[in-house]
Participant: 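Dropping the structure in here first, questions after.
Since we're looking at a predicted model, the values are computed, not measured.
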Amino acid sequence: MRVLFLGLDNAGKTTILKKLNNENISDISPTLGFNIKTLIRDGYTLNIWDVGGQRTLRPYWRNYFESTDAVVWVVDSSDRMRMEDCQNELKGLLKEERLAGATLLIFANKQDLEGSMTLEEIRDALDLKSIVSHRWIVHPCSAYTGKGLDDGMNWLVKEVAGRLYWNGLQSAETTQNDNTLHESPEVEVITP
Ligand SMILES: Nc1nc2c(ncn2[C@@H]2O[C@H](COP(=O)(O)OP(=O)(O)O)[C@@H](O)[C@H]2O)c(=O)[nH]1
Ligand SMILES: [Mg+2]
């Protein structure tokens, strides 16, 4: 599975990935290019691209879109000042044609910080309810404590695995019997 970690700079993308990989999270510097990490979850290999989110680096995000199965959008829940910026970047991202089939996990990170926005506040501030183009979920978490990370990632892997499974079935059947499958109602249901 090819997974893209995106979000504004300082959201905690790199810290989350290190935590998921049981690495030391005490010494992390801003990501200027990108990191690649491979995680194994539920028997699937996740190739994760962690791309720098500074304003000057955002135009380069598009270089990573091809063949992406899932986007993990990481939000700094304590950064109230930049929620609008965050919403605009996310909405722009979801318009990208090459990400049309990708599953979206939004991590409301830094929940350990006092005064951080709640799940409901994040949902409103980012206008998540308006997202109908993608399968999505918003999940509270803390990269520091690790709380919520596994739940979010498990949902993501299940979602993507389900889609890959049905697509695999579809292409296998297509090779056997090309004409009938396109009319099949199952195919209608799984096409996003
Ligand atoms: N309190 C708190 N700080 C966090 C958390 N996750 C990341 N940070 C801090 O936020 C800053 C940015 O983290 P980083 O992983 O570099 O963000 P990135 O730019 O999205 O990759 C660092 O100082 C981290 O230590 C979290 O869950 N809680
Ligand atoms: Mg980083």
Side-chain angles (χ1 to χ4, degrees), residues 3-37 39 46 48-65 68 70-96 99 102-156 159:
V3 182
L4 207 49
F5 264 61
L6 293 175
L8 304 188
D9 50 295
N10 206 50
K13 300 177 287 298
T14 306
T15 312
I16 288 177
L17 278 171
K18 291 210 170 201
K19 187 75 179 178
L20 283 169
N21 211 23
N22 296 319
E23 289 173 52
N24 180 7
I25 57 166
S26 63
D27 172 31
I28 290 171
S29 44
T31 309
L32 297 178
F34 63 89
N35 305 306
I36 309 175
K37 273 234 180 316
L39 295 182
L46 277 64
I48 304 186
W49 297 71
D50 164 27
V51 188
Q54 287 90 333
R55 189 173 284 283
T56 50
L57 297 177
R58 294 177 207 164
Y60 296 99
W61 285 354
R62 66 172 76 98
N63 297 336
Y64 300 88
F65 291 164
T68 295
V71 172
V72 179
W73 182 260
V74 183
V75 182
D76 176 347
S77 308
S78 71
D79 191 358
R80 292 170 188 263
M81 299 286 284
R82 290 205 296 169
M83 281 298 155
E84 198 179 328
D85 193 11
C86 186
Q87 180 193 143
N88 291 335
E89 291 291 350
L90 176 59
K91 284 193 168 163
L93 193 71
L94 297 180
K95 290 198 187 106
E96 292 288 344
L99 295 178
T103 299
L104 174 67
L105 164 65
I106 300 148
F107 264 144
N109 190 33
K110 305 198 187 182
Q111 290 293 323
D112 59 285
L113 288 179
E114 207 167 312
S116 69
M117 293 169 75
T118 63
L119 199 61
E120 288 69 31
E121 286 177 301
I122 298 271
R123 197 180 283 152
D124 290 346
L126 299 182
D127 189 25
L128 297 181
K129 287 194 183 112
S130 73
I131 302 176
V132 291
S133 52
H134 294 70
R135 301 271 301 168
W136 64 272
I137 197 174
V138 56
H139 213 84
C141 74
S142 164
Y144 272 18
T145 64
K147 201 169 167 209
L149 297 183
D150 282 330
D151 290 346
M153 293 306 288
N154 288 342
W155 175 84
L156 191 80
E159 275 288 321

Participant: With sequence neighbours excluded, tell me which residues meet salt bridge (Lys or Arg N to Asp or Glu O under 4.0 Å) with Glu121.
Facilitator: Arg80
Participant: Check the orientation of Trp73 and Trp61. Use parallel for under 30°, tilted for 30 to 60°, and perpendicular for over 60°.
Facilitator: perpendicular
Participant: Indicate yes or no for a side-chain donor-acceptor contact from Asn109 to the backbone of Val74 under 3.5 Å, with no hydrogens or angles considered.
Facilitator: no
Participant: Does the Trp155 side chain pair with the main chain of Ile137, one donor and one acceptor, at a distance under 3.5 Å?
Facilitator: no
Participant: Measure the spacing between CG of Leu113 and OG of Ser77 and express it to the nearest 0.5 Å.
Facilitator: 8.5 Å
Participant: Tell me, please, which residues at least two apart from Asn154 pass side chain to side chain donor-acceptor pair (under 3.5 Å).
Facilitator: none
Participant: Taking ring-ring contact (aromatic ring centres under 6.0 Å, His included) as the test, write out the residues that go with Phe65, two or more places apart.
Facilitator: none
Participant: Does atom CD of Glu96 have more than 12 heavy-atom neighbours, drawn from other residues, nucleotides or ligands, at distances under 6.0 Å?
Facilitator: yes
Participant: I'd like to check the side chain to side chain contact (heavy atoms under 4.5 Å, CB included) partners of Lys95; sequence neighbours left out, ordered by chain and number.
Facilitator: none
Participant: Of all heavy-atom pairs between Met153 and Ile48, which one has the smallest distance, and what is that distance?
Facilitator: CE-CD1, 4.4 Å
Participant: Which donor-acceptor pairs under 3.5 Å do the side chains of residues 25-34 make with protein atoms, sequence neighbours left out?
Facilitator:
unit_1 : atom_1 : unit_2 : atom_2 : d
Ser26  : OG     : Asn24  : OD1    : 2.8
Ser26  : OG     : Asn24  : ND2    : 3.2
Thr31  : OG1    : Thr14  : OG1    : 2.8

Participant: Show me, pair by pair, the donor-acceptor contacts under 3.5 angstrom made by side chains of residues 140-147, not counting sequence neighbours?
Facilitator:
unit_1 : atom_1 : unit_2 : atom_2 : d
Ser142 : OG     : Asp112 : OD1    : 2.8
Ser142 : OG     : Tyr144 : N      : 3.1
Ser142 : OG     : Thr145 : N      : 3.1
Ser142 : OG     : Thr145 : OG1    : 3.3
Thr145 : OG1    : Lys147 : N      : 3.1

Participant: I'd like to know if Lys19 and Asp150 make a salt bridge, using a cut-off of under 4.0 Å between side-chain N and carboxylate O.
Facilitator: no
Participant: Is it the case that the side chain of Gln111 and the backbone of Ser116 share a donor-acceptor pair, with hydrogens and angles ignored and the cut-off at 3.5 Å?
Facilitator: no
